[in-house]
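Quick notes on the structure that follows.
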2 protein chains.
Amino acid sequence: MVDWKDPPTLFIPGPVKVLPEVLEQLSRPTLGHRGKEYSQLHGETVSMLKKILSTEQSVFLSTSSASGVWEGSIRNCVKMDETVLCTMCGAFSDKFASVARACGRTAEELKVEWGQAITADMIDKKLASGNYAALTIVYNETSTGLTNPVYEISEMVKAKYPDVLVFVDAVSGMVGLPLHFDELGWDVVFASVQKAFAIPPGLAVFAVSDRAMEKSKTVPDRGYYFDFQQFAKSAEKNQTPTTPVIPHIMALHYQCTRLLEEGMENVWARHKKMAEYVKTWAKENFALFAPEEYASNTLTAVKNTRGINVGKVISAIQEKHNTVFGNGYGKLKEETFRIAHMGDISLDDLKELLGWIDDEIK
Amino acid sequence: MVDWKDPPTLFIPGPVKVLPEVLEQLSRPTLGHRGKEYSQLHGETVSMLKKILSTEQSVFLSTSSASGVWEGSIRNCVKMDETVLCTMCGAFSDKFASVARACGRTAEELKVEWGQAITADMIDKKLASGNYAALTIVYNETSTGLTNPVYEISEMVKAKYPDVLVFVDAVSGMVGLPLHFDELGWDVVFASVQKAFAIPPGLAVFAVSDRAMEKSKTVPDRGYYFDFQQFAKSAEKNQTPTTPVIPHIMALHYQCTRLLEEGMENVWARHKKMAEYVKTWAKENFALFAPEEYASNTLTAVKNTRGINVGKVISAIQEKHNTVFGNGYGKLKEETFRIAHMGDISLDDLKELLGWIDDEIK
């Protein structure tokens with residue numbers, strides 16, 4: 001029987017399992033968002049995020065899912081008569097292009113098959129025309145379990161197309177994968193907290209470069225809710241322009257403290273170790289959906305080479321163990337399935353889950 | 001010493017005090033937002049909200065503050081070449097006009113002094129020109145403690161200007177004041193949950209009329225995050241278009257259950273009773289800032305006729321009792337102060353707070 005008060009443990013690629021001590025942070029007494037207590041919480045949290053993202057530029061907290069910042073990056077940094085090059089390699093990078101269009105912008109597509117990566121070379125060939133004001137990339141495509149080579153891409157763009165703004169959807173990449181915002185020369189990066197931050201959904205974290213902040217001043221009709229200038233003005237007082245989702249910011253403070261105590265190099269290594277375990281299992285039993293060199297360290301999309309009934313296996317494990325993993329996304333349903341290994345999921349958790357899957361498919 | 005982990009009890013007009021058992025709802029295990037458990041939670045919550053708002057039209061949950069729906073109502077229901085009449089009588093109704101402009105629309109102002117009400121007559125005179133596609137009103141102006149006569153206004157608009165869409169900011173009105181969405185003929189109404197729903201901030205509730213849904217189909221460049229069509233499509237599956245703020249929706253489910261058990265007529269009467277107590281105290285000691293017939297039942301803005309140092313009194317009460325009430329908003333700071341009496345604040349809470357204020361000002 002479906003009962004939202006007794007939900008399964010989540011190994012879907014977001015929202016992911018949240019530790020009880022993190023959940024508890026959400027139920028702290030709430031704050032006035034214009035009071036000193038909130039400013040203290042906000043300031044400390046943003047300082048920690050700047051370390052986590054290796055940036056000295058602006059970091060903001062948006063009371064929205066990360067999808068809101070798809071829209072924010074376009075509305076703030078792309079004029080109506082400019083064209084954005086949208087790289088597309090799965091459901092979420094594809095969506096970025098449709099959001100650009102929903103905001104009335106011209107989005108040109110650089111599209112590969114779902115499961116393939118976007119490379120620096122492909123982007124180079126397109127940008128060579130000189131037609132583009134901005135470029136969108138997904139760091140880690142949650143629908144296909146694929147990590148794009150964003151460090152190589154960024155090096156190339158910085159060297160050859162320094163005027164093109166770079167917007168990066170790092171929803172399932174941030175925290176789990178290396179991310180040095182200033183060094184990469186990105187202009188906007190964003191993620192929701194229900195992925196590797198391991199917090200329930202409801203808050204997005206985003207960073208904006210100084211030059212993107214300058215550009216946004218020149219773009220009319222930016223709106224209000226995602227207006228970067230409003231965020232910057234409020235940030236001076238360690239506030240947000242509109243009333244923020246305070247419970248999640250308290251949980252984020254808690255998680256950032258833990259991440260910095262562990263050290264980001266160690267956090268990334270821990271994700272890599274979990275990924276290696278799951279990838280090995282996947283290759284022994286099935287195959288990886290993404291080419292191995294691009295297979296993600298935060299989730300694995302497994303190619304269902306044995307033709308198992310994925311939905312049935314998920315249901316069986318939910319029934320026996322009140323635990324779920326992810327079916328394939330959209331058109332990849334049944335053809336693939338996905339296992340998250342990010343945030344506060346542990347290697348022991350994964351061993352237990354894979355054991356349960358083994359039991360079902362043996 | 002400022003310590004966000006030990007914050008004051010809140011009598012500011014939002015966020016307001018939240019009961020421990022409501023806070024606990026936020027720390028329930030989280031859900032997959034595309035799973036059956038979430039759909040169950042969502043469906044039950046929206047059904048209850050429809051009863052609370054007396055509507056059979058669409059009710060949606062937005063992971064944002066209510067400010068996001070300022071923008072949503074404009075982007076979805078006003079074309080670029082249409083004009084919206086913005087009634088302005090305080091900080092938040094004023095802001096609605098600036099948001100319309102930030103979205104590139106033409107906003108014409110119907111403005112009264114802060115502390116005065118917008119009347120049906122004033123609106124009638126403006127709408128008579130036939131120039132307007134839509135009208136914005138704040139139900140309860142949080143900055144001035146004033147309730148606009150929205151039932152009279154709505155009767156007039158329905159009778160004389162049936163083609164004008166009506167967008168109502170009910171942020172500090174919803175739940176605390178009567179609201180019969182369908183009967184009023186409104187097209188969009190919205191509120192944040194940190195007011196009379198008595199939940200921490202991070203979620204907005206909004207209703208949209210069928211005709212506003214139809215109109216939105218004809219408005220281009222609506223964007224994505226607040227696109228009503230996206231909300232409607234997802235609502236068919238009891239989902240939201242983007243990952244929602246699940247902890248708050250769990251708390252909202254809890255609060256809606258309590259509200260319906262109490263009965264909305266009783267809820268409104270309870271707010272009126274609290275308001276009468278505070279208003280009587282205010283008149284005995286100071287004066288009401290709003291004309292008495294428009295003075296709000298969810299918060300009282302007190303006119304500081306005795307020239308007390310409001311900031312000092314708030315600090316003293318915070319120091320002694322770890323409790324705060326609200327100074328005047330913006331330009332009304334020190335000239336007024338505000339006491340919330342909504343949500344789970346009780347008459348006993350108010351008696352205690354007013355006693356503490358008495359001690360400071362005697």
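Order of the sequence lines fixes the chain letters, A, B, ..., with proteins taken first and strands second; residue numbering starts at 1 for each chain. The model shown is predicted, which means the values in this text are computed figures rather than measured ones.
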Show me the donor-acceptor pairs, under 3.5 Å and distance only, between side chains in residues 11-21 of chain A and residues at least two apart or in other chains.
unit_1	atom_1	unit_2	atom_2	d
Lys17(A)	NZ	Asp349(A)	OD1	3.3
Lys17(A)	NZ	Asp349(A)	OD2	2.6

Between [options], which has the largest tally of heavy atom pairs under 4.5 Å with chain A?
options                                  : value
Ser62(B), Ala66(B), Ser64(B)             : Ser64(B)
Leu26(B), Ile74(B), Val324(B)            : Leu26(B)
Arg34(B), Arg222(B), Gln25(B), Arg105(B) : Arg222(B)
Ser65(B), Gly202(B), Gly104(B)           : Ser65(B)
Leu203(B), Thr242(B), Thr9(B), Ile249(B) : Thr242(B)

So, [X] versus [Y]: side-chain donor-acceptor pair below 3.5 Å or not?
X         : Y         : value
Gln229(A) : Asn76(A)  : no
Asp344(B) : Gln255(B) : yes
Gln318(A) : Thr323(A) : no

In terms of heavy-atom proximity below 4.5 Å to chain A, should [X] be classed as side chain, backbone, both, or neither?
X         : answer
Ser67(B)  : both
Leu41(B)  : both
Pro244(B) : backbone

Looking at [options], which makes the most heavy-atom pairs under 4.5 Å with chain B?
options                                  : answer
Lys5(A), Arg75(A), Arg101(A)             : Arg75(A)
Pro220(A), Pro8(A), Ala100(A), Ser192(A) : Pro8(A)
Tyr225(A), Phe226(A), Trp4(A)            : Trp4(A)

Locate the shortest heavy-atom distance separating [X] from [Y]; write the atom from each residue and the value.
X         : Y         : result
Ala191(B) : Ala170(B) : CB-O, 3.5 Å
Arg258(B) : Val22(B)  : NH1-CG2, 4.2 Å
His248(B) : Pro201(B) : NE2-O, 2.7 Å

Checking heavy atoms, do the side chain of [X], its backbone, both or neither come under 4.5 Å from chain B?
X        : result
Glu71(A) : side chain
Met1(A)  : neither
Leu31(A) : both

Check: Asn322(B) side chain, Pro7(B) main-chain N or O, donor-acceptor pair, under 3.5 Å: yes
Ring pair (Phe, Tyr, Trp, His ring centres under 6.0 Å) contacts in which one or both residues fall within residues 16-38 of chain B, not counting sequence neighbours: Tyr38(B)-His42(B)
